[in-house]
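Reviewing the structure listed below.
For clarity, every value in this text was computed on a predicted model and none was experimentally measured.
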Amino acid sequence: MSTFSLFSAMQISASGMSAERIRLNVIASNIANAKVTRTLQGGPYRRKEVVFASILNEKIGEGVQVVGIFRDPSPFKMIYNPSHPDANEQGYVAMPNVDVILEMIDMISSARAYEANLTAFKIAQSMIRKALEIGRK
Amino acid sequence: MNWIDKDTIYILLKKMCNICVLRHRVIANNIANVDTPGFQARRVVFEEKLKNALRGANTKENLQNITPEIRIDNVTRSLREDLNNVDIEKEMVRLSVNSLRYSIYIQLLDKKLEKIKLAIKGR
């Protein structure tokens with residue numbers, strides 16, 4: 001697409017919104033599973049993280065993309081709770097390595113980034129409308 | 001070449017509209033990459049070149065030949081751990097300033113064409 005095209009600018013904003021939505025989905029999944037001790041893979045839930053990379057086309061960027069969703073390798077939190085059915089012999093339960101507070105902060109930052117992309121998209125829309133006004137009268 | 005394509009003001013306004021669109025694209029890309037680790041913001045360099053072109057002898061030819069340049073901003077230092085130097089507030093301000101400038105150029109272009117129409121049709 002042409003360098004001087006507002007439509008490609010809208011595509012870039014859309015790529016940003018879609019990447020932030022995926023990140024928001026992963027954060028929601030982390031928060032929902034913050035206390036899950038049994039998963040299909042066995043053991044407690046492992047925190048997931050989204051990795052972004054910019055799409056490069058020569059020197060002008062073409063937006064952002066999600067390269068992958070990776071599992072956080074940091075150790076599980078060991079909590080002493082002998083009455084829990086998943087407790088080990090010493091009475092400790094391995095809980096997911098999710099910090100809900102951190103996830104909430106990530107969620108806010110992601111939602112704000114989404115809004116910023118949406119604003120850029122709306123401005124592109126209004127610029128196209130303005131261009132259509134040439135020769136109206 | 002059309003006769004209107006030789007008009008300096010017309011060439012200039014057309015060029016400025018294109019620059020605004022390009023700049024919008026570059027800023028939208030900076031905003032989209034606000035969370036990309038290691039990303040460095042990009043800038044459109046044009047006004048400096050325009051100044052030099054207007055200063056020279058044959059303005060018309062100069063105007064047609066100048067092209068914008070996209071530079072990677074390595075002057076702004078990153079204050080973040082992931083070395084991303086996008087300042088979201090500044091980018092948003094640039095975005096709205098750019099869109100306002102675009103509407104100025106569009107309006108000027110519209111007036112210019114309106115005058116030509118007036119010359120053709122009369123009152």
Q. Is the NZ or CZ atom of A/Arg46 positioned over A/Phe76's six-membered ring, under 6.0 angstrom from the centre and within 45° of the axis?
A. yes
Q. With a 4.5 angstrom heavy-atom cut-off, which part of A/Glu133 approaches chain B: side chain, backbone, both or neither?
A. backbone
Q. Among B/Leu83, B/Asn85, B/Asn84, whose side chain to side chain contact (heavy atoms under 4.5 Å, CB included) with B/Phe39 holds?
A. B/Asn84
Q) Taking a hydrophobic cluster as the set of Ile, Leu, Val, Met, Phe, Trp and Tyr residues connected by side-chain heavy atoms closer than 4.5 Å, whether directly or through intermediates, do A/Met104 and A/Ile22 fall within one such cluster? A) no
Q) So, A/Arg136 and B/Glu114, do they make that salt bridge, N to O below 4.0 Å? A) no
Q. Based on non-hydrogen pairs under 4.5 Å, which of B/Val44, B/Asn29, B/Val26 is most in contact with chain A?
A. B/Asn29
Q. Contact part of B/Ile31 toward chain A, heavy-atom cut-off under 4.5 Å: side chain, backbone, both or neither?
A. both
Q.
I'd like to know which of B/Ile27, B/Asn98, B/Asp35, B/Leu109 tops the heavy-atom pair count under 4.5 Å against chain A.
A. B/Asp35
Q. How long is the gap from CD on A/Gln65 to OG1 on B/Thr36, to the nearest 0.5 Å?
A. 9.5 Å
Q | Contact class of A/Arg112 relative to chain B, heavy atoms under 4.5 angstrom | A | neither
Q | A/Ala116 versus chain B, the contacting section by heavy-atom distance below 4.5 Å | A | both
